[in-house]
Every structure is written in C-alpha cells, then in structure tokens.
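Data block below; observations after.
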Amino acid sequence: MTHTLIRNADHLVTMDAGRRELRGADLRLRDGVVAEIGAGLPLDGAETLDASGCLVTPGLVNTHHHLFQTLTRAVPAAQDALLFGWLRALYPIWARMGPEHMRASARLGLAELALSGCTMSSDHLYLFPNGARLEDTIEAASEIGLRFHPTRGAMSIGESAGGLPPDSLVEREAAILADCERVVDAFHDPSDGAMVRVGLAPCSPFSVSRELMRDAAILAREKGVRLHTHLAENDEDVAYSLAQFGCRPGQYAEELGWTGDDVWHAHCVKLDGKEIDLFARTRTGVAHCPCSNCRLGSGIAPVRAMRDAGVPVGLGVDGSASNDAGDLVGEARTAMLLQRVARGADAMSAREALEVATLGGAGVLGRADCGALEVGRRADVAVWDLSGLDAAGSWDPVALLLAGPRRVRDLLVEGRRVVADGQLATADAREVAAEANRLARGLANGE
Ligand SMILES: [Zn+2]
C-alpha cells in the first residue's frame, strides 16, 4: 500500500471546517487517505515528497465534461456559433466516432485535467456511435489514474421527432435504460474511496422525452446513483422549455424528479430567483462552467446568488468543443472573474473560488470523503510550485487564482502519483497527444 510524507509545504490549504491554512506543514498519506497533518512529522518508513517552496491544496474537482469532445477542439464551423447552431455543426462529426475515439479522447482530456490540478472528474457521455460504450472512458480513467464519475448520457429525440440531434445519434429509450442498468451494475462503486461511480444523465430536456427524464430518475433512485443533465444553459434553452413544456426549466426538473441532493445540473446560467430557491431548498447541485458559458455567449451564471442561497456549486470545464481547454485551475480563475464582472470586485474572492473548485465540487458529486485535506479524507492532493515566474512577487501564495502557476508540480490521487515534477507519470503525454491528433485528423478527413 502507499505511504507518502509530503514535507515542509510553505503553505497548506486544508479546506477543513475551520478553513485552516498552515505554514511549514507536513502531510502524511497512507493507504489512500490523509493520515496525519502537522509540523516535523516522523518519516516512519514513508516515501518523501519535498514541498518546500510549494503551495499544497486539495485536488480540484471537475463536475462537468464531455471527454469525447477533446477530439473536436476549435472546429471552424463551430467556433462562433450559439449553442443550438454549434450542436448542429458538431453532431455529424461526433457520429463518426467509435470506441477508439472514446478511449483516446478520455485519455487526453483526463491527462490535461490532471496537469491543471484535477484529481476527480465526472464525464457526461451522451452518444454511443459505432459500438462506443461507457467503459471505453472508464478504462482510460483507470490508466491515467484520476477518480472518475462517468455518467451514462443519452439522446432519444432525433430531428424527425422535432429534436435537435440527427436521427443516427439517438437511441431507443428502452435500450438506453437497459444500458444504464448494465453500466451501474458493472462499474458503480458506492464504497468510501471509490475510484469509479456511475451516474445517469439524459443529455438535456431538448434531446430526450419527458418519459425518459422521469424513468431515469426512478432508476437512479432504485440503484442509489446520482442524476446529471444540462439545464437552463441560455435564452434559447429557456425559450424551448417554455414553448415545448409550458414551464421554466426548474419547474420541468422538479415535476420529473430532477431535484434533490442526488442531482446536479450543468450550467444553470438562466435560473431565476424562484429556481435558485428551489435548488437551495432541495439541495440540488450546479456544475458551473464559466469558460464554456463565455465561449458560447450564454451569459454569466448567478453563482453569487446561488452560493448565498445555499445551492451546492462545483466547477466544470465542460467539453472541449465549447471550451477548447480542460484547465481546471484556469476555470476557477474565470469563475471568480465573471462574478466580479457582474457584481464588482468583492463578489468572489480567490479563496472562495478555490473552495468551489475543491470542496464545492466534491459536495456536488456526493463525495464527503474527498475535497479537503483532513485526517480520514482521501489522499487527493495538488502541489503547486511557487518558485516560478508566474508566482514570483506574490504577497499571498494562497491566492493561487490571482497570481500562481497554472500547472501542478505534483498530483496524487488516492495517494498515488499521477503527475510528478510537472510531467504526467501514468502515461506518455506525447503518445497521448499523438494518438488524439491522428484520430482528430481522421475525423476531419471524413473517416
Ligand atoms: Zn455540457
């Protein structure tokens, strides 16, 4: 089993109940959990990791992604479109993917996230063309070494039935539910310290039926797994809800069983005050994806109001077709900046944004065993080197999002090293990138 002593961290952010920040601290990680925190801890046979000159934080948590999209970054036809037009440009390309693409894109996306401080990521895979399956991404996560919450997404209303996706990308609802059950039974691990937990995630109210939303919620509760989808992403999305369902997205979600502390919704840019109250009252979570919201011109999510009301909020990079980057520490910085654009410089501090990125995300994914560095929680740790140009001159190293490195020096998940000395330790980064490039070129050539 693993035993590592992180020694002499200049600054250590615990995110514990007292939000303690320690100086000159050691952190003992044993058998996948935080075993001890203090100064001058004995070696006790541990492997050591010197953190002098470093900031140590809990690993960052990504609550929304579509890893398959890392093979469709910066596609010209989708660069400047709003959500619905953007989707129409990309669907035909995604329809050419298969299992190999799912694995390669997940390896790339997760490796990139790891370098930006992420130790746990969810994924929302909602199309399964040409034999692709959820386990293609689970295998990739196991190789890269991140804690992984894949969700079995789905689309069932194609163009011919008034939906947005082409008919070739939608599945029959009975087949969707059967596969949901299969992947939960095969891969979901409810135990403490689980490396894989599966959720159910019909893609969005505009790509599945009311019945599938309802049935997915019933199945998720039977199985004890979480529910995830997109909600109230932009004005078009709200207009669709009003026109098709005769109500706002929050009411639609509530009527179909899509509120509760086992549900989290991506975006929620356009939630109104009543919907924010509903989410707070029911402890329904939100995956805030600031860069994607900027990239698609969706607007600024009311995160300040959500947090003040008590809505659980985590961060998401969203898919790389609407963000292009999977840079989670950068995402936290953008979250902080956007609230300031909307409400002034005191709207969100760097520490609060870091809290949303760690503890907040872990809460949204239902992981009380992650998100903070305190004894008994899982050993998911990011080590940031403060000796470089990007942090030089800083008066407050903990304000990582105001002045600090954009890449980790070391990253440990369940006490195991995923990034070491700034390099991916679990796979050859050049090989991961080369494989992704080869497959992306194939997609561009119509293969
Ligand atoms: Zn999304």
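Both ligands and their constituent atoms are indexed starting at 1 by order of listing.
- The angle subtended at the Zn ion (ligand 1) by NE2 of His64 and OD1 of Asp318 is 90°, given to the nearest 10°.
- Metal site remark for the Zn ion (ligand 1): His65 contributes no N, O or S atom at a distance under 2.8 Å.
- Judged by distance alone, the side chains of Ser298 and Asn293 never bring a donor and an acceptor atom under 3.5 Å apart.
- If you check the side chains of Trp94 and Thr72, you find a donor sitting under 3.5 Å from an acceptor.
- Between the side chains of His230 and His64, at least one donor-acceptor pair of N or O atoms lies under 3.5 Å.
- Residue contact annotation: His230 places an N/O/S atom under 2.8 Å from the Zn ion (ligand 1).
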Going through the distances and angles, do Ser156 and Glu173 end up as a side-chain hydrogen bond (donor to acceptor under 3.5 Å, both in side chains)? CA-CA 6 Å; Ser156 64; Glu173 299 198 341; 2.5 Å; yes

